[in-house]
Amino acid sequence: MDVHACGHIAEAADARLCRHLLGEDHDHDFVRVLRGRRVEYDLSCTACLDAGDPPDLVVCVGCAGRVDDGVNGFHVGWHGTPGVAERPGPAPGPLVRTPLPEALRGALDLAPLPAGDASAWLVLTRDGALVRWDAGTGATARIAADPLPPEPCVEPGASARPVVPRLHVAPRGDVAAVARDHGRYGAVLDLATGAVTLRLDGGAYREDTVPFAVAFAEHEGRTVVVHRTLWDALTVSDAHTGAEIRTDEDGLLFYGALHVSPDGRRVAALTRRHEPIGAVFSWNLRRWLTGSDGPPGDALCVRSGVWDHTLCWVGDGLVAVPGIGESAASLMDGARVFEAATGAEVLTFAGPRGAFFSDGRRLYAAAPGGLEIWDLSTGERTATVPGFVPERLHAAAGELAGRDGDDLVRLYL
Ligand SMILES: [Zn+2]
Ligand SMILES: [Zn+2]
């Protein structure tokens, strides 16, 4: 081994440093200078970056690690462009366009209903009613009128985010919830009768800062619902009777969006602290219900100012999180894939942005310009569908769907 610029005889780090980042004082602002190959980068102080001096010192793994460990220095941003790997595959498509029935135009949300392989949808109409719609036959059936009470008037603050109602459907399609993201109230409904089985109240403390925490799972033959009951408390209830099964209060974390793995075993939760620091946590839902695990579980990633985003499960064991970096100010478009049970980051690649969906093998990213399809074993982009921005994955029907005006546009996978 060679003696490196830091004076140490040890394994060389991948990242090269500028000379100002060497030495005992590690309390620097630094920039990650991308090399144009995947997410490989070097480390530079801002003065060298401004002067155009490239970081060229080869140092040992320990010396580079102390600058870039998320504790000592402060990562202020990325410079340059990452490498995005392309491996063009067969063109997806075609897109199928279906006009929404007159009564469903301007719908506030729509969510897939598992019904064989039919393209059945639960639609939240513009006046808050719930309607079942079969996109294949065109049949509609009204389930319930608006179940939500008015939201208390909130002083619009600097952090106030739009209050938006959103649908959540249980895996069997027997019950659903409508709850307001960045609001206080929601309701769980039996879809066979339209009856409200449980009123959701997430509490009146900074509920404007997080999407409403609610998700369904199957447990021992019954449908349970996990939902926020205070800013820092999660409750599991029987979705048909509304009976509480258990409640855990944290005292530290605001609970935002919840995502249950396809097999119903684990929860991934987006949370924030007061500071405000966002974190994605995961825990075992089955063991929570028997008392041997529970929220918040293990942190997958922690980022300053970042907690209101989508994520998706990749199969039953992995979670894909958008954005590479430690803070909202230094976030680069990309995907980080974590093993939920261990927190290990198994794949990181630049490029994907927008809402994430997955069929277990591919990552579908709803970028503003259109869908991008990524291979999750290699991080390569295999296809794009310009202009098609899906908002939901209908797993049972095997399609992605989005709206274009008053049309539902679907792509078969
Ligand atoms: Zn420098
Ligand atoms: Zn060294």
Side-chain angles (χ1 to χ4, degrees), residues 38-39 82-96 111-119 169 171 215 217-218 257-268 270 280 282 284-285 300-301 309-324 333-367 369-402 409-413:
R38 299 288 183 125
V39 288
V84 171
E86 308 270 359
R87 196 192 75 238
L95 294 171
V96 177
L113 281 173
D117 57 359
S119 184
V169 176
E218 288 296 307
L258 305 177
H259 300 261
V260 174
S261 60
D263 66 1
R265 287 179 182 273
R266 294 192 72 90
V267 180
L270 289 115
V280 180
S282 180
N284 186 303
L285 175 63
L300 304 186
C301 69
H309 55 80
T310 68
L311 59 73
C312 72
W313 281 91
V314 178
D316 294 313
L318 302 175
V319 174
V321 177
I324 303 172
D333 289 334
R336 300 173 70 185
V337 183
F338 298 91
E339 201 172 73
T342 64
E345 188 164 357
V346 297
L347 181 65
T348 306
F349 58 100
R353 61 195 172 126
F356 282 8
F357 309 95
S358 179
D359 59 2
R361 291 191 301 122
R362 287 162 292 199
L363 179 72
Y364 301 99
L371 178 69
E372 300 186 353
I373 304 175
W374 301 79
D375 183 328
L376 274 169
S377 58
T378 62
E380 295 165 314
R381 184 163 52 199
T382 60
T384 60
V385 185
F388 173 57
V389 184
E391 53 191 288
R392 294 283 192 171
L393 170 69
H394 198 314
E399 61 191 20
L400 283 163
V409 182
R410 290 176 287 154
L411 176 74
Y412 296 110
L413 303 176

Problem set entry | CH2-CZ distance between Trp374 and Arg87, expressed to the nearest 0.5 angstrom | 12.0 Å
Seminar exercise, completed: Smallest heavy-atom separation, Arg336 atom then Gly323 atom, equals CD-O, 3.4 Å
For this session: Report yes if some heavy atom in the side chain of Leu363 is under 4.5 Å from a heavy atom in the side chain of Cys312; otherwise report no.
Result: yes
Problem set entry | Over all atoms of both residues, closest heavy-atom pair of Ala367 and Val389 | O-CG2, 3.6 Å
For this session: Would you check if Phe356 and Leu393 make a side-chain contact, meaning some heavy-atom pair closer than 4.5 Å?
Result: no
Problem set entry | Closest approach of Ser358 to Leu376 (non-hydrogen atoms, all atoms of both residues) | OG-CD1, 3.7 Å
Exercise. Roughly how far apart are Leu413 CG and Ile373 CD1, rounded to 0.5 Å?
Worked result: 7.0 Å
Problem set entry | Smallest separation among heavy atoms of Val314 and Gly360, with atom names | CG1-O, 3.5 Å
Exercise. Are a donor atom and an acceptor atom from the side chains of Arg266 and Ser261 found within less than 3.5 Å of each other?
Worked result: no
Exercise. Are side-chain heavy atoms of Val321 and Glu345 found at a separation under 4.5 Å?
Worked result: no
Problem set entry | pair Asp316-Arg265: side-chain heavy atoms closer than 4.5 Å | no
For this session: May I ask you to test the Tyr412-Ser119 pair for a side-chain heavy-atom distance under 4.5 Å?
Result: no
For this session: Mind listing the closest non-hydrogen atom pair of Val319 and Ala340 along with its distance?
Result: CG2-CB, 4.2 Å
Exercise. Which pair of non-hydrogen atoms, one from Ala268 and one from Leu311, has the smallest distance, and what is that distance?
Worked result: CB-CD1, 4.3 Å
Exercise. Say you draw a straight line from CD of Glu86 to OG1 of Thr382; how long is it, rounded to the nearest 0.5 Å?
Worked result: 9.0 Å
Problem set entry | His309/Val280 under side chain to side chain contact (heavy atoms under 4.5 Å, CB included): CA gap, chis, key distance, verdict | CA-CA 10 Å; His309 55 80; Val280 180; 4.2 Å; yes
Exercise. Is there side-chain contact between Asp359 and Tyr364, with heavy atoms separated by less than 4.5 Å?
Worked result: yes
Seminar exercise, completed: By side chain to side chain contact (heavy atoms under 4.5 Å, CB included), Val169 pairs with (sequence neighbours left out) Ala111, Leu113, Pro114, Leu122, Ala176
For this session: Output the distance between atom SG (Cys301) and atom CG (Leu270), rounded to the nearest 0.5 Å.
Result: 8.5 Å
Problem set entry | Inter-residue atom distance Leu400.CG - Arg392.CZ, 0.5 Å rounding | 12.0 Å
Problem set entry | Side-chain donor or acceptor of Thr384 paired with backbone N/O of Leu371 under 3.5 Å | no
For this session: Find the distance between OG1 (Thr310) and CZ (Phe357) and round it off to the nearest 0.5 Å.
Result: 7.0 Å
